[in-house]
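Just the heavy atoms: all of them, side chains too, but no hydrogens, waters or symmetry mates, feed the values below.
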Amino acid sequence: MNLEGMEWRSETQICNDHDELGRHEGKEEEEASKHSNVMKTLSGSGKEELKKIRLMREIVETQDPSSKEVDDLTIRRFLRARELDIGKGSALFLKYLKWRRTFVPNGSISTMEVPNEIAQNKMFHQGLDKKGRPIMVVFGARHFQNKLGGLEEFKLGQEKFVAIGDLQGWGYANSDIRGYLAALSILQDYYPERLGKLFLVHVPYIFMAAWKIIYPFIDNKTKKKIVFVENKNIKSTLLEDIDESQLPQIYGGRLPLVPIHEC
């Protein structure tokens with residue numbers, strides 16, 4: 001009997017067990033940290049809202065068991081999107097789960113699945129605003145109608161974000177009403193309460209024709225988050241919400257643009 005070999009295998013197994021234990025403990029710590037952050041954020045909710053979150057969870061978990069995997073912050077976003085109406089919030093949330101299983105089965109769409117959108121190089125991730133919300137910069141003149149496209153391509157995370165829509169050079173060739181409405185529907189119905197603020201800069205006069213078509217489909221909450229910025233006030237307006245160290249260089253800040261697929 002090769003006792004030396006047995007001893008070596010035993011030590012290897014012990015090492016493997018230790019590695020597995022370490023991964024398990026690391027996962028537990030990650031889950032504990034996530035739960036702590038959720039509870040800290042929920043501490044800003046009143047008793048009535050917390051009660052409604054629990055009631056809404058009971059409803060959606062009964063109708064779709066996969067709801068158990070969703071945290072209370074997500075439940076709260078959908079509830080708030082419907083003015084704390086449990087019935088409407090539940091309906092919106094269940095609609096979101098069905099949509100996600102169909103269109104985003106893996107949680108997000110990889111860059112390999114949207115090569116045309118990536119090639120347009122129109123979306124950039126850019127620092128954080130003064131409230132700690134990630135900033136997204138989108139160049140409207142680089143968008144052209146495509147079979148695929150929109151917010152569903154990229155994982156937005158759980159937090160609110162701020163967007164700068166730069167329309168310099170935008171023309172009728174970039175007009176994609178169906179695409180705009182689809183993106184708007186995704187933002188309002190499937191990522192409610194995620195948009196913190198949208199700054200529209202370098203807006204050409206001809207864009208207003210498209211805007212008149214889109215505007216009636218924007219809900220009141222979203223309308224309040226949209227800011228049209230005059231060309232002469234771009235830097236000063238953006239600096240009200242974004243520190244100069246986090247502002248894109250093209251708007252007088254210090255950060256270079258980073259394509260969103262490279263983040």
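The minimum heavy-atom distance between Trp170 and Gly140, with the atom names listed, is CD1-O, 3.7 Å. Residues Leu94 and Gln63 share a closest heavy-atom pair of CD1-OE1, 3.4 Å. The two residues Ile59 and Ser90 come nearest to each other via the heavy atoms CG2-OG, 3.9 Å. Here the closest non-hydrogen pair linking Asp189 and Leu92 is O-CD1, 3.3 Å.
Ring geometry, Phe78 versus Tyr96: the interplanar angle falls from 30° to 60°, so the pair is classed tilted. The aromatic rings of His202 and Tyr251 sit tilted relative to each other, their planes meeting at an angle between 30° and 60°. Ring-plane geometry between Phe139 and Phe124 is classed as perpendicular, the angle between the planes exceeding 60 degrees on a 0 to 90 degree scale with a lower cut at 30.
With a 4.5 Å cut-off on side-chain heavy atoms, Leu128 and Ile135 do not count as touching. Considering only heavy atoms from C-beta on, Trp99 comes within 4.5 Å of Ile186 through its side chain. Contact annotation: the side chain of Lys52 approaches that of Ile86 to within less than 4.5 Å [non-hydrogen atoms, C-beta and beyond]. In this structure the side chain of Asp72 never reaches within 4.5 angstrom of the side chain of Arg54, judged on heavy atoms. For the pair Lys197 and Asp241, the minimum side-chain heavy-atom distance is below 4.5 Å. Between Val138 and Ile164 there is no side-chain heavy-atom pair separated by less than 4.5 Å.
In summary, Lys221 and Glu193 engage in a salt bridge, as defined by a charged side-chain N under 4.0 Å from a carboxylate O.
Open room surrounds CZ on Phe217; 12 or fewer heavy atoms of other groups in view lie less than 6.0 Å from it. Remark: Lys223 NZ is packed, more than 12 non-hydrogen atoms of other residues, nucleotides or ligands lying under 6.0 Å away.
Ring centroids of Trp211 and Phe228 are separated by less than 6.0 Å, placing the two rings close together.
Between the side chain of Thr222 and the main chain of Ile218, no donor-acceptor pair closer than 3.5 Å is present. Remark: side-chain polar atoms of Thr62 are paired, donor with acceptor, to backbone N or O of Glu58 under 3.5 angstrom. Listed for the Arg57 side chain is a donor-acceptor partner under 3.5 Å among the backbone atoms of Val70. Between the side chain of Ser175 and the backbone N or O of Gly171 there is no donor-acceptor pair closer than 3.5 Å.
Pairs of residues two or more places apart, or lying in two chains, that qualify as salt bridge (charged side-chain N to carboxylate O under 4.0 Å, His left out) and include a residue from residues 125-136 are Asp129-Arg133.
For the 3.5 Å distance criterion, the side chains of Thr237 and Asn233 fail to qualify, holding no donor opposite an acceptor. Donor-acceptor pairing under 3.5 Å is lacking for the side chains of Ser67 and Asp64.
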| request: Go through Arg100 and Tyr190 one step at a time and tell me if the side-chain contact (heavy atoms from CB on, under 4.5 Å) criterion holds. | output: CA-CA 8 Å; Arg100 196 162 183 79; Tyr190 306 130; over 6 Å; no
| task | Show your working on side-chain contact (heavy atoms from CB on, under 4.5 Å) between Gln249 and Leu255 and close with a plain yes or no. | result | CA-CA 5 Å; Gln249 292 174 337; Leu255 284 187; 5.5 Å; no
| task | Take Ile75 and Val60 through the test side-chain contact (heavy atoms from CB on, under 4.5 Å) and record every step on the way to the result. | result | CA-CA 9 Å; Ile75 297 291; Val60 297; 4.2 Å; yes
